[in-house]
Amino acid sequence: MRYSRAFIPTLRQLPADAQAVSHQLMLRAGLIRQLAAGVYSFLPLGWRVMQKVMRIIREEMDRIGAQEFHFPALNPAEIWQQTGRIQTMGDVLFHIKNREGLVLAPTHEEVVAFHARQHIRSYRELPQIWYQIQPKFRNEPRPRFGVLRGRQFTMKDSYSLDADWEGLDRSYELHAQAYRRIFTRCGLRFFVVGASSGAMGGSASQEFMVESPAGEDTCARCSRCGYAANVEIARSAVEPTARLPESAPLERFATPGVRTIDDLITQHGIPEERCAKALVYIADGEPVLVLLRGNDELNEAKLQAVLGAAALRPATPEELRQYTGASAGSIGPIGLPTPMRIIADERLRDANELVSGANADGYHYRHIDLRRDCRIDLYADVRTVQPGEPCPECGAALEVVRAIEVGHIFKLGTKYSEALGARFLDERGHERPIVMGSYGIGVERIIAAFIEQNHDEHGICWIPAIAPYHVHLLALGIERSDAVRQHSDELYSSLWAAGVEVLYDDREESAGVKFNDADLLGLPLQLIVSARGLEAGTVELKERRSGRRHHVALAEAVDKVAELLRALQEEPWTQPAH
RNA sequence: CGGGGCGUGGCGCAGCCCGGUAUAGCGCGCUUGGUUUGGGACCAAGAGGUCGUGGGUUCAAAUCCCACCGCCCCGACCA
């Protein structure tokens with residue numbers, strides 16, 4: 001491509017609305033432009049990157065025997081009603097207004113189960129892996145960080161259909177391997193975490209994470225043994241609350257003005273580990289009391305999973321008063337006027353000598369014995385892991401990092417096949433639901449995550465595998481040197497002939513402008529042709545990432561480019577961290 | 001959804017609080033001419049704006065008021 005004819009609108013200034021580095025650079029390098037909140041157009045350069053990433057995905061999916069489909073984004077609402085997700089997805093699902101009964105698909109489990117029901121009859125037709133790369137629509141309440149969280153985005157989604165759980169395990173493992181290869185080939189340093197299945201349902205799931213400050217997920221990770229988990233499910237080996245040998249009689253006492261656990265600690269000298277913090281949540285319309293130790297932080301995702309609730313939210317101040325008779329700060333498990341389920345964090349199991357609210361403003365109870373004084377319906381791990389807590393596997397200190405979720409694999413089970421009637425006959429002639437898995441990759445997120453990890457103050461640093469072009473050919477002073485023009489033109493042709501993708505800066509621009517644009521776009525190699533070099537019979541090769549420069553004879557330039565590209569693709573940092 | 005901020009040539013901003021400068025400025029970019037030429041050149045002359053939209057107040061609105069639209073940020077854990 002000749003730069004003089006290319007549509008590559010680079011920006012010198014930082015776009016005001018871009019927060020994340022990847023977002024800024026994608027705008028500045030002319031990869032994308034915003035059309036609306038969370039909706040982006042890919043410009044030619046950005047689309048070339050998308051296509052390269054999608055090609056890698058296709059190759060690796062095909063390698064595990066997956067078959068590519070193309071499912072419609074427009075879906076009949078009926079199949080979404082059959083699985084109940086028209087409710088559980090709520091506002092995230094786009095509904096078509098002027099044609100009742102159509103929605104825009106945010107994912108395709110329903111469609112896959114629909115077609116499986118149409119045609120899969122026998123165990124002999126299983127297993128199957130179906131995939132597609134296609135736009136997804138999600139009415140995100142808050143799109144963010146450019147292409148990292150959009151309302152329309154491109155997803156590689158695949159679905160495995162198996163006759164039994166052992167088959168699902170195999171399909172799942174095939175995907176895990178394919179995903180490792182995909183992200184590795186895309187140059188990402190990633191790690192894999194155990195994750196919550198959330199609204200998808202199912203038994204197990206893992207996320208592929210790229211550490212980045214722009215990430216919206218938080219993960220706990222052990223650097224010693226490799227334990228890693230999304231905080232939504234992460235555990236730690238914090239010490240439990242010790243049960244003291246004696247429980248003194250329950251006693252109500254006045255605590256005027258106490259609003260927080262810290263108030264209890266500072267004003268009444270209660271040790272933090274003897275405080276039981278009570279929260280009220282509304283789970284599918286029913287109030288639930290949650291007890292946590294001291295200043296432990298509730299993890300709503302864990303609580304939701306434990307309750308099996310479709311909807312979970314904190315109670316409003318009005319509901320607090322209605323259900324407990326008190327306001328925040330004076331709530332506790334003793335003497336609740338409204339009967340409700342009480343979930344206590346595992347850390348409080350069978351604890352005694354606790355202090356908690358008395359469900360009357362300005363009063364607390366002390367000497368609470370959870371065995372003696374109240375009925376705990378369930379002990380469960382519902383707290384949020386904090387940095388520095390001991391790893392549940394090996395006891396080393398956990399780190400907690402922000403990360404971008406680039407892929408997620410789920411063992412779904414039979415939720416969708418049962419809802420849509422996707423059944424088959426097994427070897428004995430019994431009808432059984434197909435066992436499904438579902439597996440997603442956010443294509444744009446791969447690109448944004450890559451840029452987050454591979455940039456410097458001048459711009460992006462691509463690797464050959466996903467760079468929009470391999471080589472940036474800079475003809476310096478092309479407008480006043482016939483030699484520069486002629487040799488640059490020849491290099492341009494011979495590089496393409498050698499299978500090298502070249503962006504040829506043939507513009508009549510100053511050297512500085514060309515250098516800066518080249519660094520911003522970040523193609524892995526820059527080939528610099530100048531009158532000065534040609535006098536000595538050489539051209540210059542610059543590796544974008546390292547800044548290494550090579551002066552090579554004009555006649556050897558094409559071979560040297562090919563050699564350097566091979567080396568750049570194989571540098572060790574393209575291997576995953578774990 | 002709650003809170004905050006912003007909307008002024010292509011981009012980044014000033015002007016608004018406290019209405020009135022007869023042609024709404026600045027930097028970058030763009031056009032033309034000249035000079036320059038290996039890290040975002042210089043000089044000169046130009047082009048380009050319904051001041052988000054609608055309504056209102058006023059002799060007079062980019063500026064004040066109301067509504068709407070759009071975009072960005074924080075939040076939607078700590079009782």
Side-chain angles (χ1 to χ4, degrees), chain A residues 9-20 23-24 27-28 30 33-39 90-92 139-146 218 231-232 255 258-265 272 275-281 289-304 312-317 319-321 323-324 326-333 345 356-359 361 364 382-384 386 458-459 474-481 484 505 507-520 526 528-534 539-540 542 547 549:
Chain A
T10 57
L11 300 175
R12 293 191 178 192
Q13 281 170 303
L14 264 188
D17 285 342
Q19 180 81 6
H23 188 196
Q24 294 170 350
L27 289 168
R28 286 193 57 214
R33 283 296 179 268
Q34 186 178 46
L35 183 61
V39 184
D91 209 33
V92 171
N139 186 20
E140 295 288 347
R142 189 174 161 212
R144 250 196 278 223
F145 300 146
T218 310
V231 287
E232 291 176 353
T255 51
V258 167
R259 307 285 306 166
T260 67
I261 295 296
D262 284 335
D263 292 343
L264 271 181
I265 295 168
E272 192 247 342
C275 296
K277 177 171 68 178
L279 314 172
V280 178
Y281 269 76
L289 191 88
V290 185
L291 278 181
L292 290 163
R293 169 167 139 173
N295 274 321
D296 279 3
E297 183 182 315
L298 174 68
N299 191 301
E300 288 191 22
K302 287 184 179 176
L303 179 61
Q304 184 160 11
L312 184 72
R313 61 172 175 83
T316 63
E319 287 168 330
L320 278 183
R321 184 149 297 280
Y323 291 128
T324 72
S327 51
S330 299
I331 291 167
D345 185 69
S356 194
N359 297 313
D361 285 354
H364 281 70
V382 292
R383 66 187 292 280
T384 303
Q386 300 297 328
H458 302 292
L474 292 88
L476 302 188
I478 189 172
E479 67 277 14
R480 75 195 114 81
S481 163
V484 167
D505 194 344
R507 294 175 301 170
E508 299 187 359
E509 287 284 358
S510 73
V513 169
K514 292 188 176 187
F515 284 135
N516 279 299
D517 274 337
D519 287 347
L520 176 60
Q526 296 172 13
I528 302 157
V529 180
S530 66
R532 200 170 79 185
L534 288 178
V539 292
E540 184 179 341
K542 177 186 156 192
R549 290 171 190 270

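Since the model is a prediction, treat every value here as computed from it, not as a measurement.
- Only the P atoms considered, B/A67 is 48 Å distant from B/A45, to the nearest whole Å.
- The footprint of chain A on RNA chain B, defined by a heavy-atom cutoff below 4.0 Å, extends from B/C11 to B/A79.
- The residue among A/R144 and A/S510 whose nearest nucleotide of RNA chain B is located toward the 5' end is A/S510.
- A heavy-atom distance below 4.5 Å is found between the side chains of A/I331 and A/T324.
- Looking at heavy atoms from C-beta onward, A/V290 lies in side-chain contact with A/V382 at the 4.5 angstrom threshold.
- The C1' atoms of B/C13 and B/G7 are separated by 13 Å, rounded to the nearest whole Å.
- Note on A/N516: a base of the nucleic acid sits closer than 4.0 angstrom, heavy atoms only.
- As judged by a 4.0 angstrom heavy-atom cut-off over every strand, A/A328 is placed among the base-contacting residues.
- Separating the C1' atom of B/U63 from that of B/G56 is a span of 15 Å, rounded to the nearest Å.
- Residue contacts for A/E300: at a heavy-atom cut-off of 4.0 Å it reaches the sugar-phosphate backbone alone, with no base atom in range.
- Residue A/A326 is out of contact with every strand shown, counting any heavy-atom pair closer than 4.0 Å.
- Among the atoms of the strands shown, none is found under 4.0 Å from any heavy atom of A/L292.
- Among the heavy atoms of the strands lying under 4.0 Å from A/E540 is at least one base atom, whether or not backbone atoms are also near.
- Nearer to the 5' terminus of RNA chain B, by closest-nucleotide assignment, is the contact made by A/T10 (compared with the other of A/T10 and A/P143).
- You'll find the side chain of A/L291 reaches within 4.5 Å of the side chain of A/S356, heavy atoms only.
- Residue contacts shown for A/L476 include a base, since a base heavy atom lies under 4.0 Å away.
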message: Run A/Y281 and A/Q304 through side chain to side chain donor-acceptor pair (under 3.5 Å) and show every step you take.
response: CA-CA 10 Å; A/Y281 269 76; A/Q304 184 160 11; over 6 Å; no
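- Counting only N and O atoms by type, the side chains of A/D519 and A/Q526 include a donor and acceptor under 3.5 Å apart.
- Between B/A60 and B/C11, the two C1' atoms lie 33 Å apart (nearest whole Å).
- Atom P of B/A24 sits at a distance of 34 Å from the matching atom of B/C73, rounded to the whole Å.
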